[in-house]
Amino acid sequence: MSTPIPANTALIEERSRKFGAAEEGGIVRCDACPVLCRIRPGRAGACSRYANQDGLLVRVDPVVLLDRAVEEGLPLVPFARGEWDGRLLEPGRTFVTGVGAGTTYPDYKPAPLIVSAEHNGVDTVTVVTEGIFSYCGVKVKIDTDRHLGPETAAVRVGGEQVGHVTTAEYGSQMLSLGGVRHLTGGSKKEGNVTCETLLKLCGGGPVEMSIEGGHTVLVQAGRTPVVDGRPEERMRVGCGSATIGIFAKQWLGHVDEVIVVDDHITGVLTEHQAGRVLGMRPAGIRVRGRKSTPGRYFQVANPGLGWGGTDITDPLAIIQKIDEGAAWPGMRLLLTSTTGEDALYCVLDEALRPVPTDMPPEVALVVARIGENCEPSLCTVLFMAGAGGSLRAGVTENPILLTRSVASGETRVTMGGAPVYHWPGGGITVMVDVLRLPKNAFGYVPTPAIVAPMEFTLPTALYERLGGHAGEIVSIGDVLRNVAPDARIEDWGATNPWPFGKGL
Ligand code: SF4
């Protein structure tokens, strides 16, 4: 990579003087990850995140500062890049994120920025860093009842396995991608493709993947999944049994039987408790599959891209038999999927054969209501990583105290300002919705591993008790004076809780 290289902050340049080892010919050795690139003047290292600027090792991307809007009624302070005079950003509503901050590798180094600020009368510290995560991956939730592939099936990108199908959730198919085994335990290509896939997904980009024994799916955080080239529109309203329960009363008087086709639990109205409570006459239609409880059937067909996530395209194929002693000519039968996208209305003829016919408006209204109650089908990408390792040494010389403090809730963990879910139990294992981070928050190193921002916020007194690097603390005022002119300033995400809120 050649010049121009964007300048980074004075603070980071200062740190580079400490840690970037200059060699002959102005070459700088970057030790921000185990690759240890030797970087010529005016060039960047293998990950494009660090560069040699006039003999100094600099982090190429600007630090991201988040500016929290003032209370209602007051105008936002305008910020004009290049014209910053060091006074426009308010320290009390600025959060310094780990995006662009740099890492602590080889980890005995204090975090790149340890920022003090007063909030609600409490002296606080935010330890700001970027973590290099070999133990990381993404959990992908795809809102569709269509069968994407068997559970545990390999998920491939460019022919390389990057993860697998995991247990489905209510109305959603789930993928588990990345993880240390695909990043480091297979071939070099597998590791690189996995890293690239994670980086794209975390950055909000699209990735097309194929599932062994299943289908292709285009995944992008916050967007509609595309299965075999067809965009999914609706997330099902519920399983077949739930759909029966929700709409039973609305069908009463307009149909004599309803079958809601679903790969997991197909519902049959008059047999179902909902139909019984409403006093509906048993219709005598037995569907295929294994009866679980009255009106609830498992395994009515194979999984697929047809009705309700089954391979059924002719819904009448689901009927195993019609009981002559119970059914009657003229009986009105509705078959529908759990999204209402597929529906068929029939009336039984003299021979008790279902004959498709026009759907009465009252019945069509309820089918439309199923659709109305379906949420848009989306992909959700959660980044999951373990920060329980050496990154902690950049926060404190006694890492176990940090782990305990995070576990007890005294220390708040954020990623790019976004709240994380911290897994109970050992370590600092967290999950975060990638769409709640600032743009371009993730990077990579060619080991391969994903680089992600991380911030630990806690009272200063507690930080000192944890054995934190107290000598490295800089005030938010100094950070704003030195960092803000070259920083990327973004608005605080309105849905993210302010880390300095009550209870800190
Ligand atoms: S890959 Fe990036 S972080 Fe690692 S040594 Fe090279 S420039 Fe530094």
Side-chain angles (χ1 to χ4, degrees), residues 1-9 11-64 97-113 127-136 178 180 183-184 188-200 202-203 383 385-387 389-395 415-416 440-455 486 488:
M1 186 179 174
S2 58
T3 51
I5 299 164
N8 207 330
T9 69
L11 282 176
I12 288 177
E13 285 179 8
E14 172 59 28
R15 295 182 58 76
S16 80
R17 283 189 191 93
K18 287 187 200 167
F19 301 117
E23 298 179 3
E24 251 177 56
I27 290 173
V28 170
R29 184 179 289 278
C30 175
D31 66 352
C33 90
V35 176
L36 299 176
C37 294
R38 295 178 73 244
I39 310 175
R40 297 188 177 283
R43 293 188 174 266
C47 66
S48 300
R49 295 169 52 250
Y50 285 87
N52 179 342
Q53 186 180 49
D54 302 326
L56 285 178
L57 182 69
V58 295
R59 180 72 175 83
V60 167
D61 308 293
V63 171
V64 173
T97 75
V99 182
T103 57
T104 59
Y105 192 82
D107 294 325
Y108 60 83
K109 294 187 279 190
L113 290 165
V127 181
V128 175
T129 189
E130 283 178 306
I132 302 175
F133 296 105
S134 301
Y135 291 84
C136 72
V180 71
L183 282 168
T184 68
K188 190 171 179 184
K189 191 175 173 206
E190 180 180 329
N192 289 341
V193 172
T194 300
C195 187
E196 214 175 286
T197 299
L198 296 180
L199 190 58
K200 271 192 199 157
C202 290
F383 177 71
S390 54
L391 176 150
R392 295 175 300 164
V395 183
M415 297 186 80
N440 303 319
F442 292 85
Y444 84 105
V445 290
T447 51
I450 292 291
V451 178
M454 190 159 254
E455 306 92 25
D486 295 310
R488 198 174 106 207

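Every heavy atom of this structure was used, including side-chain atoms; hydrogens, water molecules and symmetry mates were not. Numbering of ligands and ligand atoms starts at 1, following listing order.
Rounding to the nearest 0.5 Å places NZ of Lys109 at 7.5 Å from OG1 of Thr104. Rounded to the nearest 0.5 angstrom, Arg38 CZ and Asn52 CG are separated by 11.0 Å.
Between Arg488 and Asn440, some side-chain heavy-atom pair lies under the 4.5 Å cut-off.
Between Val60 and Tyr50, the shortest heavy-atom distance links the atoms CG2-C, 3.8 Å. The two residues Ile132 and Ala449 make their nearest non-hydrogen contact at CG2-CB, 3.8 Å.
For a distance threshold of 2.8 Å, the protein N, O or S atoms nearer than that to atom 4 (Fe) of ligand 1, listed by chain and number, are Cys33 SG.
In summary, Arg59 and Asp61 engage in a salt bridge, as defined by a charged side-chain N under 4.0 Å from a carboxylate O.
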